[in-house]
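All remarks here apply to the structure that follows.
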Amino acid sequence: MRIATWNVNSVKVRLPLLLAWLEEAKPDVVCLQEIKCLASDFPELELKGLGYHAELVGQKSYNGVALLAKERPRDVIYALPGDDTDTQARYVEATVGDFRVASIYLPNGNPVGTDKYPYKLEWIGRLHAHAETLLEAETPTVLAGDYNVIPEEEDVYDPAAWREDALFRMETRRAFRSLVNLGFTDGFRAIDPSPHRYTFWDYQAGRWQRDEGLRIDHLLLSPRAADRLVTAAIDKSPRAKDKASDHTPIWCELR
DNA sequence: ATGGTTGCCTCGCAA
C-alpha cells in the first residue's frame, strides 16, 4: 500500500499537475491539504476518472483537506476531535484497507504573538490526545500531512533565520516531539537519514532554485504501521513544473 | 537589500 501526502495549495489551480502525478506515481492513498475550496467545488469526477474515491472537508478560500483512495474509505471522521467550536477544515481520517489514515493540515501559527500561535499549540495538543486513542486501537495508522513543523536543525536551510518562527521555535518542536514520542516513527527519516531533504520551498527569493527549503510534511507511522514500512521518498519532480505548489509530495510504501 | 511570489469571489491577507 503506497500512501502519499501533498499540500497542493489550491486543488483547482493544481488539478492538471495532480492528475498527471497520480497517473505517474499511482499511490493507493493520497492525503491533500490546502484544497482551498468548498466540497461542492471539489473535482470529484476528474479524480473518479482515475479510480479514486474522495473524502474531504472543504472551506472557502483557505485550508481544506482531502483523502483520496483507490479502495472506498470507511468510518470517516471529518474533524479533529476535542473542540466542537473549531470550524477550520484541517482534518479528515478514514480506514482504507487495514490502515487508518489521517490527512492533516496543522495550523501555521505565524505570526507568533498573535492568537494564531496558541491555536497551533492547542491543535497539536488535541492531535496528541486523539493520537493516544488511535494507538490504543492498535490498527496500523498513518498520520500524514503538512505539520508546519520543522523537527530538527537539519530540516531547514538556515536554522538561525528560522529560530523564532512558529514552524521552528523550541515550544513547537517540543510539542511535535511529544506527539512522536507516543510511539510514532517519522516514516521518511526511518528510510533516509540524510540532512537537507525538503518538502517545501517558498515561492519567493529563488528558494527552489537554491534548494533552500523546509521539511514540514510528514508521515507519522504507528508501531504496527512502522513494522510494515518498506520505503519512503520525497518526490521533487512536481515542484519543478510550471504552476507548481510550494510543497511537493512525499510517500511511503507499506507491505 | 526586510527584498521576493502565489492564491484567495484580492485591492489585504495567509502562506
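Because the structure is predicted, anything quoted here is derived from the model rather than measured. Labels below follow one simple rule: chain letters A, B, ... track the order of the sequence lines, proteins then strands, and each chain is numbered from 1. Only this structure's heavy atoms are used, side chains among them; waters, hydrogens and symmetry mates stay out.
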A:D202 has an atom CG; how far is it from atom C1' of B:dT5, in whole Å? 7 Å
Salt bridge check: are A:R215 and A:D186 linked by an N-O gap of less than 4.0 Å? yes
Atom pair distance, as rounded to whole Å: CZ in A:R207 and C1' in B:dA15: 14 Å
To the nearest Å, how far apart are A:N7 CG and B:dA14 P? 17 Å
Rounded to the nearest angstrom, tell me the gap between atom CD in A:E34 and atom C1' in B:dG7. 9 Å
A:Q204 or A:K116, whichever maps to the more 5' nucleotide of DNA chain B: A:Q204
Which of B:dC9, B:dA15, B:dC13 is nearest the side chain of A:N108? It is B:dA15
N/O (side chain, A:K243) to phosphate O (OP1/OP2, B:dG7) under 4.0 Å: yes
Examine the side chains of A:K36 and A:N9 and answer whether a donor and an acceptor come within less than 3.5 Å of each other. yes
Separation of B:dA15 P from A:W201 CH2 (nearest whole Å): 20 Å
Counting N and O atoms only, with roles assigned by atom type, does the side chain of A:S103 sit under 3.5 Å from a partner on the main chain of A:A66, one being a donor and the other an acceptor? yes
Could you tell me whether the side chain of A:T141 and the main chain of A:T139 form a donor-acceptor pair under 3.5 Å? yes
Whole-Å P distance, B:dG7 and B:dT2: 26 Å
Under a 4.0 Å threshold between the charged nitrogen and the carboxylate oxygen, would A:D98 count as salt-bridged to A:R228? yes
Closer than 4.0 Å, any side-chain N/O of A:S10 to the OP1 or OP2 of B:dC8? yes
Sticking with atom P, work out how far B:dC9 lies from B:dA14, rounded to a whole angstrom. 15 Å
Distance, rounded to the nearest Å, where A:L214 contributes CG and B:dA15 contributes P: 14 Å
Both A:G109 and A:R14 contact DNA chain B. Taking the nearest nucleotide for each, which residue is further toward the 5' end? A:R14
Can you measure A:Q33 atom CD to B:dA15 atom C1' for me and round it to whole angstrom units? 14 Å
Using the P atoms only, state how far B:dC8 lies from B:dG3, rounded to an integer number of Å. 25 Å
Whole-angstrom distance between B:dT5 and B:dT10, as gauged at atom C1': 15 Å
In this structure, how many angstroms lie between the P atom of B:dT6 and the CH2 atom of A:W208, rounded? 15 Å
Does B:dG7 have its OP1 or OP2 closer than 4.0 Å to a side-chain nitrogen or oxygen of A:S61? no
Taking atom C1' in both B:dA1 and B:dG12, compute the distance separating them and give it to the nearest angstrom. 24 Å
Categorize A:Y105 for me: base, sugar-phosphate, or nothing, with a 4.0 angstrom heavy-atom threshold over every strand shown. sugar-phosphate
